[in-house]
There are 4 protein chains.
Amino acid sequence: MGHTADRRAPWRAALGDIIYNADTPAGRVFDLFLIAAILVSVLAVMLDSVAPFRVRHAAALDAVEWALTGLFSLEYLLRLITARRAWHYARSFFGVVDLLSILPAYLALLLPGAQYLLIIRVLRLLRIFRVLKLVRYLSEASVLTRALQASLAKITVFLAVVLTLVVILGTLMYVVEGPQHGFTSIPTSIYWAIVTLTTVGYGDIAPKTPLGKGLASLVMILGYGIIAVPTGIVTVGLTQAQRSARREAAPAVTCARCGLSPHEPDARYCRRCGEGLPT
Amino acid sequence: MGHTADRRAPWRAALGDIIYNADTPAGRVFDLFLIAAILVSVLAVMLDSVAPFRVRHAAALDAVEWALTGLFSLEYLLRLITARRAWHYARSFFGVVDLLSILPAYLALLLPGAQYLLIIRVLRLLRIFRVLKLVRYLSEASVLTRALQASLAKITVFLAVVLTLVVILGTLMYVVEGPQHGFTSIPTSIYWAIVTLTTVGYGDIAPKTPLGKGLASLVMILGYGIIAVPTGIVTVGLTQAQRSARREAAPAVTCARCGLSPHEPDARYCRRCGEGLPT
Amino acid sequence: MGHTADRRAPWRAALGDIIYNADTPAGRVFDLFLIAAILVSVLAVMLDSVAPFRVRHAAALDAVEWALTGLFSLEYLLRLITARRAWHYARSFFGVVDLLSILPAYLALLLPGAQYLLIIRVLRLLRIFRVLKLVRYLSEASVLTRALQASLAKITVFLAVVLTLVVILGTLMYVVEGPQHGFTSIPTSIYWAIVTLTTVGYGDIAPKTPLGKGLASLVMILGYGIIAVPTGIVTVGLTQAQRSARREAAPAVTCARCGLSPHEPDARYCRRCGEGLPT
Amino acid sequence: MGHTADRRAPWRAALGDIIYNADTPAGRVFDLFLIAAILVSVLAVMLDSVAPFRVRHAAALDAVEWALTGLFSLEYLLRLITARRAWHYARSFFGVVDLLSILPAYLALLLPGAQYLLIIRVLRLLRIFRVLKLVRYLSEASVLTRALQASLAKITVFLAVVLTLVVILGTLMYVVEGPQHGFTSIPTSIYWAIVTLTTVGYGDIAPKTPLGKGLASLVMILGYGIIAVPTGIVTVGLTQAQRSARREAAPAVTCARCGLSPHEPDARYCRRCGEGLPT
């Protein structure tokens, strides 16, 4: 947006073009190579956690992880160096994700197990929409985001009520069923209430007494019913976000005589009163 | 609404201002302190139910619970004394909740276990929206409430049909599967039908015979489908509540000749007397 | 609707008034008494299936069931005799339900266990909306029914696709997982697919192999996503049913000059062009 | 659409009429017979997988499967021979399905177990809508398809976010709970995250530690909430698809002066040239 004069050295500007821009052939090759590397890296983290696989291929996995971590570290440095505004990039969503994607590898030297946090690299894959020129998807994503933001206040109220409900219902079940039926404490019973209200229903804890089953039935029907609330909220929010997105794409014309609005994009006369429309 | 002359003594009015009003600095401090106390109290009730914790910290927990119960009892008395209309407060939603939030502590002296009912204090936390001046959240909450009220008749009809369904389907499963497969009685089978129809699916009771599995499949597909009904109801109700909320928010135009108000947003002439409206 | 001349004897007409009409005091008492009897009867059927209760109170349960069956049989006969058109009643929804509500009791003399089918009496409870003069609920029920009827074709197509999906996905899982992991046959695997797609998830059958878990993940995400389809269908159907119900309640007036429609119920002038409206 | 001159021999045209056309009595008989054969075949594949049944009726099942496979092979050849454009049919949806419906039988000679893939014949049953002249259902299906296509971009964005979420949440749970509580590897934990987020909840893997239960509660509430997103997307898409379908169904008015068509339902003047439209 804010277009500041470009004060980068020519080689930095050229390199930045390759790294940040997916329009040039070189930039495209860079981005596709990057996405492939991320995919391999995420796969390596996953396989590293599969015991039989790790035992057999420990050396290969280590090599891949360190090679890719080196590569990503280098890339992060280059991004910082070649960015038009380094600090702006470092604080952006992808800037933070890029940093978090290399830190756990170094952390794992001190804290074994931390290498699994490298999985956060999966977030970098979201760049794929921008790389593949899926502009349409980006604009749809912005409609979704706007709808969710508009619904935020309503959803917060809904969540506050739901959390209050599960605390009370969970405690009631603790009193009714008691530790001997698996409801070992109030926090555990609240966990059960969440499992039940959201209709997940693991079955690791389930009521045994008739009164408990009756209360559980109530929780289930409640959960089955109130899922309608966030759905309604998001649908209404989405309808409005969609409408305002369309309105921004085509500003509405109003008939000077009868006041009818909106008109179709190709209209030159008011369809209601026949008056000419301003163009 | 009804503004009666304030006949409270000055000290009562001043104290009432602190307790009931969150706009003044003193009132704000009071409210934030209160919310912290409620949070500590709810946490104490929860931890009291965790056996290993209770064994080790019984004395501390007791001290905290009694201290806070004393505090809340004092607060309730002060609210009664300093309220503009004590009886009005006592019968209001928060008035009843405030009372119920202290009673279980005294009840527990006679009836061990009753102290867990103190969890009802979590309801007092809902005051947070008012305290934190989240007015926008309150108005969203009122839109939600209005939508649910408008949908009440439809949801009652829906619930009546669902309850009838689970009674019949549960009994059918009892006849088909029988006690030897876990469907030990009709009430238990109805409980199973609710667990299945709401798609919770604990798995503590599950059909074993082919016919039972077929019938269960029907129940599941039914449950999967009819969840659409409350969702549709709430969405339609919410759309209307939203629209009428927006209409109320829009400045009302008044007809200069006959005084009719409000008018629809696109009105250019008074619908009652035909006079032109200011635009 | 079709008003035929009443050719019933006076005593039949008077009795019919009590039985069919809930407006007179006598009719109201009759209906409330009937609903109480149905409730007791449904409760008796349920308790009859609870083994410990049946053992202790077999005689009392038998007495209650036979007394109420006799009562309902008598009522059915009286309904037939006093109906304006007996055959019309016998074929109506409640006529069939009333008959089905007494047959299982006699059937149980030949076929032990049939008495549980008496639970169908719960359907008679739906009369409560009519009895309690919940006219508003009846009109809401008709809006719901109309919305579901309008959505029927779409829902049939949706169900056909879902059923085809579960058959194919179930068979795939049978091939992938095989009998040794609980997927003992294709019908059982289809049952699993339904349990999973509808997000019920008992857990009595669950994939064990990596490939099976991958396929199951696909089924779950599919089921999680396509529940949006019936919900969307019903919401759209409900919006339209609601709108046409409102339109029928108030016939739309059209402005003769500019053609604007609809107008608010109290409009006497067109709000767009100021023309007088026909009244 | 493209009407090419029919260069088939008369007997091929006549046979093609029976096979492809469901309007003539002969074509109708052929189609109904075909659907019955498909149903029998699908049933045979299912029963073939039920061990006790296969043991007893192996010969009969084999006979039925080979007879029907021969029949369907013959039908496929006839369809190819009698089609107006054989290659066009072979590449169409039903052309591919028809081929896939016979291949597994021959494949099973080399690869035992492949015969279960014959279940794909169930897809051929979808022809039933065309055969039974359920034109209305076909047009509803096209509204549904159009709505889903319009929502495709939004749903892809949603799925990408959900998949990213389950990868991160699954890994977190692997770190928190670890192999000793059933979260044996990251892929398994991701599988758990999908089972939980979609509210399926088998319960074969469930968190045991307090921290794990807290994280799981978050996943559940998230899953319970974000199901609102695809629902909202589809509802909005369906509303629009419905509206444009209705607009197409409404008789198009053509402007007498400039020939513009179609016009909006409420148009009284041509929006391009201002001419009055016939009403």
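Chain letters run A, B, ... following the sequence lines, proteins first, then strands; residues in each count from 1. The basis for the numbers below is simple: all heavy atoms, side chains too, and nothing from hydrogens, waters or symmetry mates.
For D:Leu163, the part lying under 4.5 angstrom from a heavy atom of chain C is the side chain only. Neither the backbone nor the side chain of D:Ile190 comes within contact range of chain C, judged by heavy atoms closer than 4.5 Å. Of the two parts of D:Val195, the backbone and the side chain both hold a non-hydrogen atom closer than 4.5 Å to a non-hydrogen atom of chain C.
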Start with the C-alpha gap between C:Thr164 and D:Leu125, add the side-chain angles, then the distance that decides, and say whether side-chain contact (heavy atoms from CB on, under 4.5 Å) holds.
CA-CA 9 Å; C:Thr164 308; D:Leu125 280 181; over 6 Å; no
Under the side-chain contact (heavy atoms from CB on, under 4.5 Å) rule, what do C:Val229 and D:Leu148 come out as? Steps first, then yes or no, please.
CA-CA 9 Å; C:Val229 177; D:Leu148 290 179; 4.2 Å; yes
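The structure places CD1 of D:Ile227 at 6.5 Å from OG1 of C:Thr199, a figure rounded to the nearest 0.5 Å. Of the inter-residue distances, the one linking C:Ile226 atom CD1 with D:Ile155 atom CD1 reads 11.0 Å to the nearest 0.5 angstrom. If you take CE on D:Met46 and OG1 on C:Thr171, they are separated by 6.0 Å, rounding to the nearest 0.5 Å. Here OH of D:Tyr116 is found 9.5 Å from OG of C:Ser185. Values are rounded to the nearest 0.5 Å. Note that the CG atom of C:Leu172 and the CG atom of D:Leu117 stand 7.0 Å from one another [nearest 0.5 Å]. Taken from CD1 in C:Ile205 to CG in D:Asp204, the straight-line distance is 12.5 Å, to the nearest 0.5 Å.
For an aromatic pair to be called close, the ring centres must be under 6.0 Å apart, and C:Tyr202 with D:Tyr202 fails this.
Formation of a donor-acceptor pair under 3.5 Å by the C:Tyr224 side chain with backbone atoms of D:Gly223 is found in this model.
With C:Val167 as the fixed residue, the side chain to side chain contact (heavy atoms under 4.5 Å, CB included) test singles out one of D:Leu123, D:Val45, D:Ile120, D:Ile119: D:Ile119.
When the candidates C:Thr196, C:Val175, C:Val200 are compared by the number of heavy-atom contacts under 4.5 Å with chain D, C:Thr196 comes out ahead. Of the residues considered (D:Asp48, D:Val236, D:Thr239, D:Leu238), D:Leu238 shows the highest number of contacts with chain C, using heavy-atom pairs under 4.5 Å.
The two residues C:Ile186 and D:Ser49 come nearest to each other via the heavy atoms N-OG, 2.6 Å. Between D:Thr235 and C:Gly232, the shortest heavy-atom contact is OG1-CA, 3.3 Å.
Using a 4.5 Å heavy-atom cutoff, the side chains of C:Pro207 and D:Tyr191 are in contact.
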